[in-house]
Amino acid sequence: MTMTDPVADLLTRLRNANSAHHDSVSLPSSKLKTHIADILKQEGYISGWEIADARVGQTLTLTLKYGPNRERSIAGIKRVSKPGLRVYAKSTEIPKVLGGLGVAILSTSSGLLTDRQAESKGVGGEVLAYVW
């Protein structure tokens, strides 16, 4: 059975594992998911990710990051653009998450970028998710 929204599946698995204080979460891998994981690693929301071969395809494993007293580094994740309702942002109207404390992940013509990177490059695109 095919998955309708693999990005929402990634974000939901990450949100559930984070709220249950799991150390890692595994899911089917794709190029888009690895780019999202790379952005989450750059921004400090996860400690790492790796790809391993599975029986069918590949598996992406995200290692979650916690503070010294198991405080979550991810307070919230929200899927913005959905298959039923795509959300786009112009280069002049890129959204800020929590006044700049969070990160908006955008799919642009220059690849997957954060809101700050897209603003500095002057490009807009599809707003995939908010992470704070």
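Everything numeric here is computed off the predicted structure, so don't read it as measured data.
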What distance separates [X] [atom1] from [Y] [atom2], expressed to the nearest 0.5 Å?
X   : Y    : atom1 : atom2 : result
L14 : H22  : CG    : NE2   : 11.5 Å
L11 : Y130 : CG    : OH    : 13.0 Å
D23 : L64  : CG    : CG    : 7.5 Å
D53 : S29  : CG    : OG    : 10.0 Å

I need the minimum non-hydrogen distance between P95 and A104, along with the two atoms involved.
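What the structure gives for the nearest pair is O-CB, 4.1 Å.
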Indicate the atoms forming the closest heavy-atom contact of S110 with L113, along with that distance.
CB-CD1, 4.2 Å
Answer yes if [X] and [Y] sit in the same cluster of Ile, Leu, Val, Met, Phe, Trp and Tyr residues linked by side chain heavy atoms under 4.5 Å apart, and no otherwise.
X    : Y   : result
V103 : V87 : no
I46  : V25 : yes
I74  : W49 : yes
V131 : V97 : no
L10  : I51 : yes

Given the rule in the side-chain contact (heavy atoms from CB on, under 4.5 Å) test, do Y45 and I77 qualify, once you have shown the distances and angles that lead to the verdict?
CA-CA 11 Å; Y45 289 109; I77 299 177; over 6 Å; no
Counterpart residues, side chain to side chain contact (heavy atoms under 4.5 Å, CB included), relative to [X] (two or more places apart):
X   : result
A54 : T59
E71 : P68, N69
D5  : V7, A8, R79, P83

Identify all side-chain donor-acceptor contacts of residues 31-42 below 3.5 Å with residues at least two apart in sequence or on another chain.
residue: K33; atom: NZ; partner: P28; partner atom: O; Å: 3.0
residue: T34; atom: OG1; partner: S30; partner atom: O; Å: 3.3
residue: T34; atom: OG1; partner: K31; partner atom: O; Å: 2.7
residue: K41; atom: NZ; partner: S47; partner atom: O; Å: 3.4

Could you point out which residue of L27, L62, N18 forms a side chain to side chain contact (heavy atoms under 4.5 Å, CB included) with R13?
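Checked L27, L62, N18 against R13; only one passes side chain to side chain contact (heavy atoms under 4.5 Å, CB included): L27.
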Applying ring pair (Phe, Tyr, Trp, His ring centres under 6.0 Å), can you list everything that pairs with Y66, at least two apart in sequence or on another chain?
H21
When you compare the side chains of T63 and S24, does any donor N or O come within less than 3.5 Å of an acceptor on the partner?
no
Is there any side-chain hydrogen bond (donor to acceptor under 3.5 Å, both in side chains) pair reaching into residues 82-98, and which pairs are they, with sequence neighbours excluded?
R86-E126, K96-E119
